[in-house]
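To start, the structure under review is shown below, and the notes come after it.
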Amino acid sequence: MTRHALHANRNPSQALGKQMIDPHLVTAQPEAVKSRLAIRNAEAVAAVEPALRADVERRELQTALDQQRAERNAANDLMRKLDKKSPEFAANRDRLRALSDQVKSGEERLAALELSRDTLLQNVPNLPHESVPAGGGETANVVISTWGERPSYDFTPKAHWDLGPELGIMDFERAAKISGARFTVLLGAGSRLSRALAQFMLDLHGSRGYREMNPPYLVRREAMIGTGQLPKFEDDAFKTMGENELFLIPTAEVPVTNYHRDEILDGERLPIKYCAYSACFRAEAGSAGKDTRGLIRQHQFEKVEIVKFVTPETSYAELESLRSDAEEVLRQLGLHYRVVALCGGDLGFCSAKTYDLEVWLPGQDAYREISSCSNFEAFQARRAQIRYRPAGDPKARPRLVHTLNGSGLAIGRTVVAIIEQFQRADGSIDIPAPLQRYMNGQTRITREGSA
RNA sequence: GGAGGAGUGGCCGAGUGGUUGAAGGCAACGGUCUUGAAAACCGUCGCACUCGAAAGGGUGCCGGGGGUUCGAAUCCCUCCUCCUCCA
């Protein structure tokens, strides 16, 4: 870490790449950009034209202004050589004063134009990768693979919101008393199971080349902008009151990706891989009425996140291996799941391609997302200015890295999956073998005494 | 909570109003030399925007923002970050 990078503190609109999509691409090939965005939706396509027009205007002024500046600079050069007491000096100074004012007002107009162009460009989402299926809604998503057998039961499997409280390891009612809706208290073996999962996941990813990181849970606005949560999705975030504004992280992706913000990484070191456990906080704005039962959709949950910084050439191969690393958690736990490639309409704003891992929840007779693995290509890196110098070519200019991340996995949802998939007729739960060593050898969860 | 100090290119570090995009050093790269390497010597070596088919121009950038001035890395204000000391 250099002192420069540590202390860099520029205005977000300057420090962070000013826009997310490659502005040159939009200007040079607007039609190609539009046709790629059509895989998402009409709104994305419509965002291109206004940004394009604003950029043309900006460029015209830029050119004109640069000429004025050149003129002023040349005149200024003259001033240096003139005798300060001569009448020429005074005359020239007056002329320069006017020129200077002219430049200044041009600079103001340019700043305004840049701002409006940037704002418009920030409405343009990332281009979907060519392999992304077109269409909108969950029905257009494509199932890539399915792992394991869907378990069968000689009784009617229960949902975790019944099993958990019956076993005395989950308390929704008291959680609501303390914190309101969308919070859950885990108790006894439930709490231990959650903790065991965190450790198991971190150890697993650690053994597969991810460096473990324990990041801050509160971050500055710049960090949220860097990973794309802001400015568009401010309503989804919790933030602190008062003059020291900080945001509660919605995912460890935010601090971990921003860890290398404003840096030029050594190409030799890529790929750089991290795994991080953290609590996550989401306001879940706009999800009223969705998943109101159980702990599927909470304001606070825990997650182990895996993050990669890679070269553009390797990012799609790295996406496959990242997905496989996330899948490995489910495989070792023996949980039945499937892999889905998200269609353009379901793709996140910053993502070029996303796989969801969906675990089977027999209590709900449904597959539910337990991990989302995405390649953001240079979209986040451009905003956060994360670059690298290609290995073996020290003269090469710095290039933007590609960033990827995925849940590995969402811990609460894994608890749910274990409870639902490994339930027995008597209501007890089998603990998967890899977790037992993290739970003092406990093999089953049975009804616990509670107040 | 109070008082000071600091932030310059990939890194270190000069520079207190004009010829400074910025000395010097390190690292890196090209070359000379060498059987090869090292050392030595010579040369190259920031990022971005913009004009141009290209060659090559122009402009901006010395933590961020604003101000003074004909002109700011340099003076003033403010914010951020780090360091030291005091309570």
Side-chain angles (χ1 to χ4, degrees), chain A residues 1-19 22-28 54-115 117-118 121 216 218-223 225-226 242-246 258-270 378 381-401:
Chain A
M1 170 61 72
T2 67
R3 200 162 58 179
H4 169 74
L6 259 180
H7 295 210
N9 176 37
R10 286 165 280 161
N11 180 299
S13 64
Q14 285 230 315
L16 309 169
K18 288 191 172 175
Q19 46 280 312
D22 184 354
H24 294 116
L25 197 58
V26 174
T27 328
D55 191 60
V56 170
E57 207 181 337
R58 185 203 112 258
R59 214 164 44 237
E60 281 168 2
L61 181 61
Q62 174 82 253
T63 308
L65 179 63
D66 280 354
Q67 270 168 17
Q68 284 181 8
R69 281 164 162 169
E71 199 182 329
R72 180 200 57 185
N73 292 347
N76 242 327
D77 248 21
L78 208 67
M79 287 293 280
R80 250 191 311 120
K81 295 165 193 150
L82 288 176
D83 176 4
K84 288 191 174 48
K85 297 201 173 79
S86 69
E88 290 88 349
F89 185 91
N92 213 27
R93 189 183 53 204
D94 291 343
R95 190 171 77 85
L96 265 173
R97 196 173 283 154
L99 252 174
S100 212
D101 287 347
Q102 201 185 341
V103 167
K104 230 168 244 177
S105 76
E107 281 170 348
E108 276 168 27
R109 274 185 298 138
L110 182 65
L113 279 178
E114 279 178 347
L115 185 67
R117 178 196 70 153
D118 294 348
L121 267 170
L218 287 160
V219 298
R220 301 159 153 273
R221 174 171 288 271
E222 289 91 322
I225 292 172
E243 55 187 61
N244 187 18
E245 175 194 72
L246 288 170
N258 278 284
Y259 184 67
H260 288 302
R261 196 175 80 211
D262 282 325
E263 289 185 28
I264 297 175
L265 304 168
D266 181 359
E268 306 274 358
R269 286 182 58 213
L270 299 180
R382 185 171 299 110
R383 303 200 90 188
Q385 285 296 296
I386 306 168
R387 294 174 293 174
Y388 74 101
R389 212 172 285 281
D393 188 3
K395 303 196 84 160
R397 314 169 84 197
R399 301 166 68 198
L400 294 166
V401 300

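Naming: A, B, ... by sequence-line order, numbering from 1 per chain.
Separation of the C1' atoms belonging to B:rU59 and B:rG52 is 15 Å when rounded to the nearest angstrom. Spacing of C1' atoms, B:rG25 relative to B:rG15, comes out at 15 Å, to the nearest Å.
Between B:rA48 and A:H24, no contact under 4.0 Å exists linking OP1 or OP2 to a side-chain N or O. Using a 4.0 Å cut-off, no side-chain N or O of A:N76 falls inside it from OP1 or OP2 of B:rU69. Side-chain nitrogen and oxygen atoms of A:R59 include at least one within less than 4.0 Å of the OP1 or OP2 phosphate oxygen of B:rC51. Note on A:R58: a side-chain N or O is less than 4.0 Å away from OP1 or OP2 of B:rU50. Proximity of A:S100 to the phosphate of B:rG71: a side-chain N or O atom is located under 4.0 Å from OP1 or OP2. Between A:R220 and B:rU81 there is a side-chain polar atom (N or O) within less than 4.0 angstrom of OP1 or OP2.
Distance, A:Q102 CD to B:rC70 P: 16 Å, rounded to whole Å.
In this structure, A:R72 reaches the sugar-phosphate backbone alone: every heavy-atom distance under 4.0 Å involves primed, P, OP1 or OP2 atoms, never a base. Contact annotation for A:N73: backbone-only contact, meaning every heavy-atom pair under 4.0 Å involves sugar-phosphate atoms and none involves a base.
Considering only the side chain of A:L96, B:rC70 comes nearest among B:rC70, B:rU68, B:rC47. Nearest to the side-chain atoms of A:A70 among the listed nucleotides B:rG58, B:rG60, B:rU69 stands B:rG58.
Nucleotide B:rG7 has B:rC80 as its partner under the Watson-Crick or G-U criteria, with both atom distances under 3.5 Å.
With hydrogens and angles ignored, a donor-acceptor pair closer than 3.5 Å exists between the side chain of A:D66 and the base of B:rG58.
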